[in-house]
Amino acid sequence: GGGGSGSRKRQGGRRAASDSETSDGAPERSSGSARRKRRLAAETTVLDLNAALEEIYTALVQAECSTLFQKPVRRRDAPDYNDVVNNPMDLQRVKAKLSECKYKSKEEFLKDIELIASNAHLYNDLRHPHIPPLADQLVNLCQEEIRKREDLLDRIKKTMTVVRMV
């Protein structure tokens, strides 16, 4: 009868092993995982925002009113431009900021488009009065393109806010 009792001990040993499988330190892993998920969510929402703003940018550069605002003002075209305009902005700079994911909201993006118009007024109102209305059209188009994507942009903003708060 001694062999039978050894068999029973092994069964008890197996049961103990299965008990230890349930305590695997899960809380420690989930906190690191939660941080990774938050970081990934933040990166994803910035990329989502960027993709939406890229669409708006494309609509802007394709518009006829944007032609004069595509590139920085050249010194030979306006030698005193930098004396008058302290914070130059153009669509090429906007594109660079998009490429670097610098925009954290639709408001920041719109602010740069409004800066293009503000600069156009500042420099051209008295010199070339036909230019500022084109810049105003650009701002209006940007606002319209933002409105078309308002639901998406608001969802992205809410997600970004939640990710920042967590």
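- The CG atom of Leu49 lies 8.5 Å from the SG atom of Cys101; values are rounded to the nearest 0.5 Å.
- In this structure, Val73 and Tyr123 have side chains that are not in contact, with every pair of non-hydrogen atoms separated by 4.5 Å or more.
- Of the charged side-chain nitrogens involved, at least one lies within less than 4.0 Å of a carboxylate oxygen, so that Asp80 and Arg127 count as a salt-bridged pair.
- Thr159 places a side-chain N or O within donor-acceptor distance of the main-chain N or O of Arg155, the cut-off being under 3.5 Å.
- A salt bridge links Glu107 with Lys157: the distance from a Lys NZ or Arg NE/NH1/NH2 to an Asp or Glu carboxylate oxygen falls below 4.0 Å.
- Side-chain polar atoms of Gln70 and Ser66 form a donor-acceptor pair below 3.5 angstrom.
- Taking CZ of Arg149 as the reference point, atom CG of Leu53 lies at 9.5 Å (rounded to 0.5 Å).
- For the pair Leu91/Ile113, a side-chain contact is recorded, criterion being any heavy-atom separation below 4.5 Å from C-beta on.
- Under a hydrophobic clustering in which Ile, Leu, Val, Met, Phe, Trp and Tyr are joined whenever their side-chain heavy atoms come within less than 4.5 Å, directly or via other members, Leu122 and Ile116 fall into different clusters.
- The shortest distance between side-chain heavy atoms of Leu141 and Gln137 does not fall below 4.5 Å.
- The distance from the CG atom of Asp90 to the CG atom of Leu115 is 9.5 Å, given to the nearest 0.5 Å.
- Interatomic distance, CG of Asn87 versus CZ of Arg93, reported as 8.5 Å (0.5 Å rounding).
- In summary, the side chains of His121 and Asp136 do present a donor paired with an acceptor at a separation below 3.5 Å, with no hydrogens or angles considered.
- Annotation: side chain of Asn140 is in contact with side chain of Gln143 (closest heavy-atom distance under 4.5 Å).
- Side-chain contact between Lys95 and Tyr57 is present, with heavy atoms from C-beta onward closer than 4.5 Å.
- Summarising the geometry, atom CD belonging to Glu54 is positioned 8.5 Å from atom CZ belonging to Phe109; distances are rounded to the nearest 0.5 Å.
- Residues Val61 and Ile131 share a single hydrophobic cluster, defined by chaining ILVMFWY side chains whose heavy atoms lie under 4.5 Å apart.
- Using a cut-off of 4.0 Å between Lys/Arg side-chain N and Asp/Glu carboxylate O, Glu108 and Lys97 are scored as not salt-bridged.
- No side-chain heavy atom of Ile56 sits under 4.5 Å from any side-chain heavy atom of Lys148.
- To the nearest 0.5 angstrom, Glu64 atom CD is 10.5 Å from Leu68 atom CG.
- Contact check on Asp154 versus Lys106 returns a salt bridge, with a Lys/Arg side-chain nitrogen under 4.0 Å from an Asp/Glu carboxylate oxygen.
- With contacts defined as side-chain heavy-atom distances shorter than 4.5 Å, the pair Tyr103/Val94 qualifies.
- Note on Leu138 and Tyr81: separate hydrophobic clusters, where clusters join Ile, Leu, Val, Met, Phe, Trp and Tyr whose side-chain heavy atoms are under 4.5 Å apart, directly or indirectly.
- Side-chain N or O atoms of Asn124 include one that pairs as donor or acceptor with a backbone N or O of Ala120 at under 3.5 Å.
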